[in-house]
Amino acid sequence: MGPLAVTQLLALITLTVALDNGLLKTPPMGWMAWERFRCDVDCKDDPVNCISEVLFRDMADRLAEDGWKELGYEYLIIDDCWMSMLRDEDGRLQPEPSRFPGGIAKLARYVHDRGLKLGIYADMGTHTCMGFPGTTLDKIELDAQTFASWGVDYLKFDGCYSNPVEQMLGYPLMSLALNATGRPMAYSCSWPVYVGGLPPKVNYTFLGDICHLWRNYYDIQDSWDSVQGIVDWYSNNQDDLQPAARPGGWNDPDMLIIGNFGLSVDQARSQMALWAIMAAPLIMSNDLRNLDNAARAILQNKVAIAINQDPMGVQGRRLLKEKTRIEVYWRPLSQSASALVFLSRRTDMPFLYRTSLAKLHYDAGNYQAYDVFAGSEMPGFNATTEITVSINPSGVVMWYVYPEQQSKQTEILHGRSFHEAKAGRHT
């Protein structure tokens, strides 16, 4: 296909594609298999952890029975390695029968019966990243129809084994095909990762018209170094990324690895806080069957979740990067509230950081704050009051800040408001 034909087709797609199906007005929340379970297909020797319907039924049960669903963790997402190595006789993708003997439609019913939603994985290319059948341009419509017929609610569309022209056409065409099924499906695009992210290679206005969320950067790994690398990339490029986020369209820094092996408790709090500030999807990848109490408390922190799910939908920013290796992040929230995160990149000892709201560009006036992870109200203070926070190495202090005169008004916020979250209520 020549450049002119590509340009003409893109113009047509732009006129017809608008993924405004009312989904993901706040960042999606749920669970995904990839980071924790990868491509474990050895169900003979590892039946508990292999990529199979048993694993996904187990995780659906945990989401439904252990308090996750009520907090908003509603998507159960299959990643790579679910497929048979061959399409069926009609050219359709099919699950590997030895690992998914009941099929995806039956698994979707199991998930839906528990009040959850099912996500699935496909790849815009000849093969998936792990070598299973991909979705070439001629298979996009068929695969979208297949997913809809199974009752799928969310598609993660990867981009291994594809070229830039195929990606330029394929991602918008899949959006069009998903819309055409008549089934509302959330659409996660990996397109920016494969073109290096950022303008001019990525038109975020167009991306926001065709996708609900999009991966900009490399896969997260189970380590603090990986989390820091992602945060650095997002912060260094926030002038391009931050304006792109809005209700219905989100930058995706990848999965929450809290509860696995690579993060300390302080580092786990840091990831949760920073993902909340970034208005990031809260998609866990861990073993919910064997989650310790510290990880559970972080992931189920109602105020952190309320900040992440704020209906205004504005992504936060890094305000300061101090020579002391302390960084300050800020996000504006509904009802004149905001969230502040003080992050330590130090590795030696707790650090006493002194500042004031005025130094962080807050307006004059009196304020109140709530320490999100300590679970405590702060005494009232004004914008010029010097405040001191003690931040553990690679840890955070996270505050919900609101004007003093707003304290009564915020109690009647709709949705997952701060006061509802602090009181343990959810609507």
For this session: May I ask you to test the Ile277-Trp330 pair for a side-chain heavy-atom distance under 4.5 Å?
Result: no
For this session: Taking atom types as modelled, find out whether Asn308 and Trp275 have a side-chain donor-acceptor pair closer than 3.5 angstrom.
Result: no
For this session: Identify the two heavy atoms, one from Arg296 and one from Leu291, that lie closest to each other, and give their separation to 0.1 Å.
Result: NH2-O, 3.6 Å
Exercise. Nearest heavy-atom pair of Met130 and Asp80: which atoms, and what distance?
Worked result: N-OD2, 3.0 Å
Exercise. Stepwise, does the side-chain hydrogen bond (donor to acceptor under 3.5 Å, both in side chains) test hold for Thr146 with Arg92?
Worked result: CA-CA 7 Å; Thr146 300; Arg92 296 179 182 273; 2.9 Å; yes
Exercise. With a 3.5 Å cut-off and no angle check, do the side chains of Asp225 and Ser223 form a donor-acceptor pair?
Worked result: no
For this session: List the steps and the verdict of ring-ring contact (aromatic ring centres under 6.0 Å, His included) for His127 and Tyr161.
Result: CA-CA 6 Å; His127 299 85; Tyr161 300 103; 5.8 Å; yes
For this session: Side-chain contact test, heavy atoms from C-beta onward, threshold under 4.5 Å: evaluate it for Glu96 versus Val41 and give yes or no.
Result: no
Exercise. Do Arg269 and Leu274 have side-chain heavy atoms sitting under 4.5 Å apart?
Worked result: no
For this session: Using only heavy-atom distances, determine whether the side chains of Gln167 and Ser162 contain a donor-acceptor pair under 3.5 Å.
Result: yes
For this session: Verify side-chain hydrogen bond (donor to acceptor under 3.5 Å, both in side chains) between Ser394 and Gln267, making sure each step is shown before the conclusion.
Result: CA-CA 6 Å; Ser394 65; Gln267 291 162 355; 3.2 Å; yes
Exercise. Does a sphere of radius 6.0 Å around OH in Tyr110 hold more than 12 heavy atoms from other residues, nucleotides or ligands, not counting ones at 6.0 Å or beyond?
Worked result: yes
Exercise. Minimum heavy-atom separation for Phe100 to Pro95, with atom names?
Worked result: CB-CB, 3.7 Å
For this session: Output yes when Asp40 and Arg38 qualify as a salt bridge under the 4.0 Å nitrogen-oxygen rule, no when they do not.
Result: no
For this session: May I ask you to decide if the ring planes of Tyr171 and Trp191 are parallel, tilted or perpendicular, using 30° and 60° as cut-offs?
Result: parallel
Exercise. Can you tell if the side chain of Pro253 reaches within under 4.5 Å of the side chain of Pro281, non-hydrogen atoms only?
Worked result: yes
Exercise. Any side-chain heavy atom of Arg345 sitting closer than 4.5 Å to one from Gln228?
Worked result: yes
Seminar exercise, completed: One should read off an interatomic distance between Asn251 CG and Gln315 CD, to the nearest 0.5 angstrom, of 4.5 Å
For this session: Say whether Ser334 and Asp310, considering side chains only, have a donor N or O and an acceptor N or O under 3.5 Å apart.
Result: yes
Exercise. With Ile391, which of Ser344, Ser270, Pro350 fulfils side chain to side chain contact (heavy atoms under 4.5 Å, CB included)?
Worked result: Ser344
Problem set entry | Interatomic spacing from CG in Asn290 to CG in Asp287 - rounded to 0.5 Å | 4.5 Å
For this session: Find out whether Leu198 and Leu241 are in side-chain contact, i.e. whether some heavy atom of one side chain is under 4.5 Å from a heavy atom of the other.
Result: yes
Exercise. Taking side chain as C-beta onward, heavy atoms only, is Trp399 less than 4.5 Å from Phe342?
Worked result: yes
Exercise. In terms of side-chain heavy atoms, does Tyr204 have a donor or acceptor partner in Asn216 at a distance below 3.5 Å?
Worked result: yes
Exercise. Quick one: do the Asn392 and Asp266 side chains pair a donor with an acceptor below 3.5 Å?
Worked result: yes
For this session: First locate atom CH2 of Trp31, then atom CD1 of Ile283, and finally report the distance between them rounded to the nearest 0.5 Å.
Result: 11.0 Å
Exercise. side-chain contact (heavy atoms from CB on, under 4.5 Å) between Phe37 and Ser52: does it pass, once the steps are laid out?
Worked result: CA-CA 11 Å; Phe37 295 96; Ser52 70; over 6 Å; no
Exercise. Step by step, would you call Glu322 with Thr324 a side-chain hydrogen bond (donor to acceptor under 3.5 Å, both in side chains)?
Worked result: CA-CA 5 Å; Glu322 305 276 23; Thr324 56; 5.4 Å; no
Problem set entry | Under 3.5 Å side-chain donor-acceptor pair for Arg36 and Ser285 | no
Problem set entry | Non-hydrogen atoms of Met174 and Thr135 that approach each other most closely | CE-CG2, 4.2 Å
For this session: Over all heavy atoms of both residues, which pair between Asn21 and Pro184 is shortest? Give the atoms and the distance, please.
Result: ND2-CA, 4.1 Å
Problem set entry | Sole candidate of Thr128, Asp158, Asp79 that passes side chain to side chain donor-acceptor pair (under 3.5 Å) when paired with Tyr121 | Asp158
Exercise. Knowing that exactly one of Trp233, Tyr194, Tyr234 qualifies, which makes a ring pair (Phe, Tyr, Trp, His ring centres under 6.0 Å) with Tyr217?
Worked result: Trp233
Exercise. Ser188 pairs by side chain to side chain contact (heavy atoms under 4.5 Å, CB included) with which of Lys156, His212, Met32?
Worked result: Lys156
Exercise. Does Arg331 make a cation-pi contact with Tyr329 (under 6.0 Å, within 45 degrees of the axis)?
Worked result: no
For this session: Would you give the length of the straight line joining atom OG of Ser190 to atom CG of Asp123, rounded to the nearest 0.5 angstrom?
Result: 8.0 Å
Exercise. Going by heavy atoms in the side chains, are Met255 and Ile77 under 4.5 Å from each other?
Worked result: no
Problem set entry | Glu141 atom CD, over 12 foreign heavy atoms within 6.0 Å | no
Exercise. So how far is it from Thr26 OG1 to Gln309 CD, rounded to the nearest 0.5 Å?
Worked result: 3.5 Å
Exercise. What are the two closest heavy atoms between Asn286 and Ile258, and how far apart are they?
Worked result: ND2-O, 2.9 Å
Problem set entry | No-hydrogen, no-angle side-chain donor-acceptor test under 3.5 Å, Asn49 and Asp46 | yes
Exercise. Which distance, rounded to the nearest 0.5 Å, do you find between the CH2 of Trp150 and the CD of Gln94?
Worked result: 8.0 Å
Exercise. Any ion pair linking Arg87 and Asp143 (charged N to carboxylate O, less than 4.0 Å)?
Worked result: yes
